[in-house]
Amino acid sequence: MSGTTADTTTTVLAPDVRIPLIGLGTWPLTGEDAAATVNQAINNGYRHIDTAENYANEAAVGEGIRRSGIDRGDLFLTTKFNTQWHSRSGVRDAFGQAVRRLGTDYLDLFLAHWPNPAQGRFVEACEGLQDLVEDGSIRAWGVSNFKPAHLRAVQDAGLAVPLNQVQVDPEHGQPAQLAHHREHGIVTAAYSPLGRNGSFLERAAVRDPARELGRTPAQIVLRWHVQHGRVAVPKSADNQRQRENLDVFGFALNQQQMAAIDALETGAPPRLDSDTYFH
Ligand code: NDP
């Protein structure tokens with residue numbers, strides 16, 4: 001990848017680590033569907049794959065990666081671990097099991113999937129992740145579904161959180177959450193970035209620029225994410241939609257078009273409350 005391309009299609013996650021802004025989401029694909037979809041995505045140009053222990057598809061994702069023939073070093077691979085592993089040694093065990101299932105020997109990004117504040121060990125989990133960066137097992141670490149209060153607890157322990165993967169779409173902009181990320185230099189990765197084919201794709205704020213720019217509504221929304229500097233991990237198993245979702249770097253939205261999509265914000269919280277939900 002040339003320097004110029006890398007600058008517009010990736011963002012800095014850590015010193016010497018850049019993350020591709022568009023990655024392939026793999027939930028709820030499992031088995032052969034997951035392997036075939038990942039292979040197809042890599043052939044379509046995806047260089048960032050998002051999976052998790054909880055999706056029960058890491059072995060199939062690993063099979064898809066191998067089938068594609070891509071060099072491991074050309075791929076950015078993210079996975080996440082469940083809260084049962086929230087201790088320093090537990091995170092190391094989770095890492096060992098994840099790389100074995102995936103058939104690789106390192107991870108580009110490893111995320112604590114949920115904070116589970118009632119268990120109260122997510123700070124230890126983050127310390128365990130930092131240990132894995134320091135010994136070279138993973139290139140970068142991060143969290144997912146951490147609210148500002150959870151992030152503050154980690155920050156108070158002296159750790160700088162590199163990335164938080166949270167639910168963001170035009171109707172779920174989570175303004176206070178994203179303001180915290182901006183203030184503390186935390187990269188935002190948007191999950192369910194298309195709102196699971198959400199009804200906002202039909203709104204004029206999305207349809208009008210799609211018509212004007214000759215793009216699809218999904219491309220407009222993904223462009224809105226990346227133009228805000230966010231990573232997004234749309235899931236598609238469909239060949240055409242995979243290509244479409246990755247092809248968002250050859251056009252731009254103007255300020256008015258960005259603002260109109262921002263104005264779709266409803267103030268609704270994410271669908272799952274991470275103070276109580278976890279796995
Ligand atoms: P998405 O917003 O990515 O939507 C996926 C749905 O939209 C699928 O039904 C897909 O169907 C459809 N779709 C994809 N592209 C298009 C398009 N161009 N036009 C129209 N429809 C389209 O939702 P997800 O919830 O799947 O989120 C994406 C990923 O985020 C997950 O796969 C997972 O990796 C991650 N995630 C992380 C969570 C966390 O707790 N950290 C929680 C939930 C998800 P089709 O396949 O037929 O194209």
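All ligand and atom numbering here is 1-based and tracks the order in the structure.
Checked by atom type, the side-chain pair Arg241/Thr216 shows no donor-acceptor distance below 3.5 Å. A donor and an acceptor atom, one from each side chain of Asp135 and Ser137, are located under 3.5 Å apart. Counted by atom type alone, Gln240 and Glu244 present zero donor-acceptor pairs between their side chains at under 3.5 Å. Side chains of His225 and Asp169: a donor-acceptor N/O pair is absent below 3.5 angstrom, by distance only. The closest side-chain donor-acceptor pair between Gln242 and Gln40 falls under 3.5 angstrom. For the residue pair Arg72 / Thr104, a side-chain donor-acceptor distance below 3.5 Å is found, with atom types taken as modelled.
Inter-residue side-chain proximity for Asp131 and Arg92 is flagged as met; some heavy-atom pair is nearer than 4.5 Å.
An N or O contact shorter than 3.5 Å links Ala237 to ligand 1 by distance. Considering backbone and side-chain N/O atoms, Arg271 never comes within less than 3.5 Å of an N/O atom of ligand 1. Between Trp114 and ligand 1, no N or O atom pair is found at a separation short of 3.5 Å.
Within the 4.0 Å heavy-atom criterion, the part of Ser144 lying near ligand 1 is the side chain and not the backbone. The proximity of Asn245 to ligand 1, defined as any non-hydrogen pair under 4.0 Å, is limited to the side chain. Looking at Asn145 against ligand 1, only its side chain comes within 4.0 Å, counting heavy atoms.
With a 6.0 Å radius and a threshold of 12 heavy atoms from other residues, nucleotides or ligands, Asp16 has its CG atom at or below the threshold.
For ligand 1, the atoms closer than 4.0 angstrom to any heavy atom of Asp50 are 33 (C), 34 (O), 35 (C). For ligand 1 and Gln165, the ligand atoms under 4.0 Å from any heavy atom of the residue are 37 (C), 38 (C), 39 (C), 41 (N). Those atoms of ligand 1 with a heavy atom of Thr26 less than 4.0 angstrom away are 32 (O), 34 (O). Each of the following atoms of ligand 1 lies closer than 4.0 Å to a heavy atom of Ala218: 17 (C), 18 (N), 19 (N). Close contacts of ligand 1 with Pro234, meaning ligand atoms under 4.0 Å from a residue heavy atom, involve 3 (O).
Ion pairing of Asp108 with Arg47 is absent here, as no side-chain N (NZ or NE/NH1/NH2) approaches a carboxylate O to less than 4.0 Å. With respect to the salt-bridge test (charged N to carboxylate O, under 4.0 angstrom), the residues Glu124 and Arg88 do not qualify. Taking 4.0 Å as the cut-off between side-chain N and carboxylate O, Asp247 and Arg215 count as a salt-bridged pair. A salt bridge is absent between Arg100 and Glu53: the closest approach of a Lys/Arg side-chain nitrogen to an acidic carboxylate oxygen does not fall below 4.0 angstrom.
The distance from atom CD of Gln227 to atom OG1 of Thr8, rounded to the nearest 0.5 Å, is 11.5 Å.
Distance screen at 4.0 Å: atom 9 (O) of ligand 1 has no protein heavy-atom neighbour inside the cut-off.
The protein heavy atom nearest to atom 7 (O) of ligand 1 is Asn197 N, 3.6 Å. Among protein heavy atoms, the minimum distance from atom 4 (O) of ligand 1 is reached at Arg196 CA, 3.3 Å. Looking at atom 24 (P) of ligand 1, its nearest protein heavy atom turns out to be Ser192 OG, 3.6 Å. Atom 29 (C) of ligand 1 has its closest protein heavy atom at Val233 O, 3.1 Å. Closest protein heavy atom to atom 47 (O) of ligand 1: Arg241 NH2, 2.8 Å. Of the protein's non-hydrogen atoms, the one nearest atom 2 (O) of ligand 1 is Leu194 N, 2.8 Å.
Looking at Tyr55, Trp27, Tyr191, it is Tyr191 that brings a heavy atom closest to atom 30 (O) of ligand 1. Checking His113, Gln219, Lys235 against atom 3 (O) of ligand 1, the nearest heavy atom belongs to Lys235. The nearest non-hydrogen atom to atom 48 (O) of ligand 1, considering only Pro28, Gly195, Ser236, Gly198, comes from Ser236.
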